[in-house]
Amino acid sequence: MIPVNLPRLGTREKELLGECIDTGWISSEGPFVGEFEQRMAAHVGRDAAIAVSNGTAALDIAVEALGIGPGDEVIMPTFTIISCVHQVVRAGARPVFVDCDAATWNMRVDHVEQKISKRTRAILAVHIYGLPVDMDPLLELARQHGLRVIEDAAEVIGQTYKGRHCGSIGDASTFSFYPNKHITTGEGGMLLTDDPALAERARSKRNLCFQRKQRFVHDELGWNYRMTNMQAALGLAQLERIDATVQRKRAIGRFYNEALAGLPQLRLPLAKTDYAENIYWVYGVVLEDSCPADAAVIMEKLAAEGIGTRPFFWPLHEQPVLRDLGLAGNESFPIAESLARRGFYLPSGLGSDDDDFARVAETVIKVLQ
Ligand SMILES: *Cc1c(COP(=O)(O)O)cnc(C)c1O
């Protein structure tokens, strides 16, 4: 079986993890956490970084620290992961969805303005599968209407938008360090910002809102969303290799682009836009209308041949939990709906090798023919 993602961990990870064990620093109080935060902030070009326990936690804190609350609206793509709505919904705010572009799979920035109302507080931009959202027009809209921008950069660690690092652009930006992300700490995440007050609030929210003056006295509720020293040890080691990681992911993408070119049943990911070259966080493919089967059928056939795949995101406006809460709306978003049914992604883990990817491509061609 070639798994959809096999992470690559090396001797540097072992060495830094070994230091945690040798010194006994295993909790969030250990020195690697602050060091990882500083190095990530420097890499991305941000003033402050707050390491947390996962990418969903980073989004929760971003929404909470920006003060989004009852009655507020947050505009976001429908084609994204459920993590984006958790705290919006729990805070009593309403997610407002936009469709995505058929070629980039990113939110239609030109559909955002018509969704802005008196209640809109923020736009949550999510860079999808390796290509960034067109941020400049979004930032301009946010400026005109006084909205905050959260940038979910979980899938684009190491990517740039017009030369600026993804994760350096919104009022707050978030990363995930899940094992399929370009830097992994097993589980982990980070919130980055240039706003010192926001950074302070996020730090407090991460750590149960402990007061500085008097420990065990709390003015507000937060979460225990702390990252451990062991996670940060992995992160530091992985960050040292980020440029090589991005190069390797691009090489995997180029290999598939060539190997799968010319299959009439398959739409391949866009290699680049005006503002970025794809880093193929995952290598997504979409079945063309000429293929009678849906993604689920093809994925099952690939699994029978030992090839791991994953379906694309299921759109938020079609999520049972949001329907039950009356938050799904009744609009349809045809591109997201079609991508969800026709799209899936192939193995592209850093721990797999070129022979694996060659076998994947061969098998995909065989199954589709
Ligand atoms: C992975 C991911 C997350 C969630 O990260 P976790 O660390 O799994 O909680 C959030 N947003 C996007 C876009 C992601 O790809």
Side-chain angles (χ1 to χ4, degrees), residues 4-5 7 36 40 49-64 74-90 95 97-98 100 104-107 122-133 135 138 149-159 161 166-167 169-170 172-192 202 205-206 223-228 230-232 234-235 238 245 249 269 276 278-284 310-316 319 336 339-340 343-345 348-350:
V4 71
N5 179 64
F36 184 39
M40 279 299 293
I50 295 96
V52 294
S53 48
N54 56 68
T56 307
L59 283 164
D60 286 354
I61 291 182
V63 168
E64 168 84 359
V74 178
I75 298 173
M76 65 178 74
T78 186
F79 188 68
T80 185
I81 191 168
I82 194 77
S83 308
C84 296
V85 285
H86 269 206
Q87 182 55 23
V88 171
V89 170
R90 288 189 174 131
F97 303 122
V98 295
C100 54
T104 66
W105 309 333
N106 271 302
M107 74 194 290
I123 303 170
L124 171 48
V126 186
H127 307 296
I128 299 290
Y129 296 172
L131 276 176
V133 175
M135 291 301 290
L138 209 59
V149 174
I150 303 171
E151 186 194 2
D152 182 346
E155 301 177 2
V156 288
I157 303 174
Q159 177 61 292
Y161 168 77
C166 292
I169 301 169
S173 49
T174 61
F175 287 129
S176 160
F177 305 123
Y178 189 71
N180 61 5
K181 306 293 158 71
H182 288 181
I183 290 177
T184 183
T185 60
E187 303 283 350
M190 197 170 272
L191 184 153
L192 297 100
K205 290 287 167 189
R206 163 182 69 179
W223 293 275
N224 175 358
Y225 277 167
R226 301 184 296 257
M227 174 182 274
T228 70
M230 295 180 287
Q231 290 167 295
L234 292 183
Q238 298 257 311
T245 296
K249 290 296 267 192
N278 206 329
I279 56 170
Y280 307 98
W281 167 60
V282 293
Y283 191 86
R310 283 284 183 285
F312 272 13
F313 293 130
W314 197 253
L316 295 179
Q319 294 292 343
L339 286 178
F344 60 98
Y345 50 93
S348 67
L350 295 159

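The basis for the numbers below is simple: all heavy atoms, side chains too, and nothing from hydrogens, waters or symmetry mates. Counting convention: from 1, in listed order, for ligands and their atoms alike.
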* Under the side-chain contact (heavy atoms from CB on, under 4.5 Å) criterion, do Gln238 and Thr185 qualify, and how do the steps go? -> CA-CA 8 Å; Gln238 298 257 311; Thr185 60; over 6 Å; no
* For ligand 1, is there an N or O atom under 3.5 Å from any N or O atom of Ser176? ->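 Yes, Ser176 has an N/O under 3.5 Å of an N/O on ligand 1.
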Within ligand 1, which atoms have a heavy atom of [X] less than 4.0 Å away?
X	result
Thr56	4 (C), 5 (O), 6 (P), 9 (O)
Glu155	12 (C), 13 (C), 14 (C), 15 (O)
Val126	13 (C)
Asn54	7 (O), 9 (O)
Gly55	5 (O), 6 (P), 7 (O), 9 (O)
Asp152	10 (C), 11 (N), 12 (C), 13 (C)

Separation of [Y] [atom2] from [X] [atom1] (nearest 0.5 Å):
X	Y	atom1	atom2	answer
Leu124	Thr174	CG	OG1	7.5 Å
Glu64	Ile61	CD	CD1	9.0 Å
Lys249	His182	NZ	NE2	4.5 Å
Arg206	Leu191	CZ	CG	10.0 Å
Leu131	Thr104	CG	OG1	6.5 Å
Ile128	Glu155	CD1	CD	5.0 Å

So is [X] close enough to ligand 1, meaning a heavy atom under 4.0 angstrom away?
X	answer
Lys181	yes
Gly188	yes
Gly189	no

